[in-house]
Amino acid sequence: MLRQAAGRDSAALDLTGALRKDRKEAERAVKRQAASSLFAGWSGDAEAGASLSTGNSDDKSLSLRVDLLKETVKWRHEVTAGADLQRAAGETSKERFEAGYGANYFINPRFYAASEVGWERDTFAGYRHRVTETVGAGYVVTGGACRWKAVPVPGTRSWWTRRTSPMWNMRSSSAPPPISPRTCPTAPSSPSR
């Protein structure tokens, strides 16, 4: 009877391992197919919001955002874009635009090279254009259902402000190295890498 139970447990473990292997092979096949074309394999989110308030005040606002992601066997591409506009009493009170692109090249399933470039425009925050460029390396740490990414990267941030004259003033500063935690999912799942 103990031999039968041990045999069933061994068979269940073999089946679980085979299912994991099949799932990983299917994920790799999808990533290989996504690498075959520039437009294949993208996924993402889009958001749109608007509000209108009339009465004692006349307020209008519009918010748009798009986040796209493409993963292949060796590459991960992220594209973001967003806009926030607001008018209060006929005057523009918020006008913010942003766009960004990030690429990660996986040297192996845990270690990767990372780069990112981002552009922002927010005249109400005091800058006309702001560009952030970063390059670095990352390491993925997995444990159970959690996945963490540590990415120490040197970077620069440049911005242009408008003076009283029409000339542009360029400033530069270094960006701090980010460490990005990936939160644990609500339902346990194994990491894709």
Side-chain angles (χ1 to χ4, degrees), residues 27 30-49 61-86 92-142 146-184 191-193:
E27 286 175 359
V30 167
K31 289 180 179 183
R32 278 193 299 273
Q33 183 180 4
S36 66
S37 171
L38 177 65
F39 298 107
W42 288 95
S43 64
D45 298 318
E47 301 173 13
S61 68
L62 175 67
S63 178
L64 303 169
R65 180 150 187 90
V66 175
D67 295 318
L68 298 174
L69 174 69
K70 178 178 181 172
E71 286 190 80
T72 64
V73 176
K74 289 287 188 180
W75 287 92
R76 177 184 171 100
H77 303 277
E78 294 181 72
V79 176
T80 61
D84 286 321
L85 305 167
Q86 185 174 5
T92 301
S93 57
K94 185 177 190 179
E95 187 177 67
R96 183 172 190 275
F97 302 96
E98 63 180 329
Y101 171 73
N104 297 339
Y105 177 76
F106 284 87
I107 297 161
N108 63 42
R110 291 189 180 234
F111 186 70
Y112 60 93
S115 66
E116 186 173 339
V117 63
W119 170 83
E120 295 175 84
R121 175 186 173 152
D122 191 344
T123 53
F124 291 95
Y127 53 89
R128 188 95 168 135
H129 300 280
R130 181 163 64 176
V131 179
T132 305
E133 316 87 12
T134 58
V135 176
Y139 188 77
V140 178
V141 179
T142 57
C146 296
R147 184 176 184 190
W148 289 76
K149 291 191 329 183
V151 190
V153 295
T156 63
R157 178 175 281 173
S158 305
W159 65 93
W160 293 263
T161 57
R162 186 156 209 133
R163 295 193 226 166
T164 54
S165 67
M167 296 179 69
W168 295 95
N169 181 20
M170 185 176 150
R171 298 182 185 144
S172 182
S173 69
S174 62
I179 295 179
S180 316
R182 294 285 178 142
T183 58
C184 297
S192 63
R193 296 207 179 270

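Fair warning: this is a prediction, and the values are worked out from it, not measured in the lab. When reading the values below, keep in mind they use all heavy atoms of this one structure, side chains included, and skip hydrogens, waters and symmetry mates.
Asp122 contributes atom CG, which lies 9.5 Å from atom CZ of Phe97 (distance to the nearest 0.5 angstrom). With rounding to the nearest 0.5 Å, the separation of CD in Glu98 from CZ in Arg130 is 10.0 Å. To the nearest 0.5 Å, atoms OG (Ser63) and CD (Gln86) are separated by 10.5 Å. Taking CD from Glu47 and CG from Asp45, the interatomic distance works out to 7.0 Å, rounded to the nearest 0.5 Å.
Minimum heavy-atom separation, Val79 to Tyr101: CG2-CD1, 3.8 Å. Contact record, Asn104 with Ser115: OD1-N, 4.3 Å, taken as the closest heavy-atom pair. Counting all heavy atoms, side chain and backbone alike, Leu85 lies closest to Glu95 at CD2-CG, 3.8 Å. Nearest approach of Ile107 to Lys74, heavy atoms of both residues: O-NZ, 3.5 Å. Nearest approach of Trp75 to Ala103, heavy atoms of both residues: CZ3-CB, 4.1 Å.
The aromatic rings of Phe106 and Tyr112 sit tilted, their planes meeting at an angle between 30° and 60°.
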ask   = Run the side chain to side chain contact (heavy atoms under 4.5 Å, CB included) check on Arg128 and Arg121 step by step: do they pass?
value = CA-CA 5 Å; Arg128 188 95 168 135; Arg121 175 186 173 152; 2.8 Å; yes

ask   = What do the steps show when you test Asp67 against Glu78 for side chain to side chain contact (heavy atoms under 4.5 Å, CB included), and what is the final call?
value = CA-CA 7 Å; Asp67 295 318; Glu78 294 181 72; over 6 Å; no

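Side-chain contact between Thr80 and Arg65 is present, with at least one heavy-atom pair separated by less than 4.5 Å. Put simply, the side chain of Val135 does not reach to within 4.5 Å of the side chain of Glu133, judged on heavy atoms.
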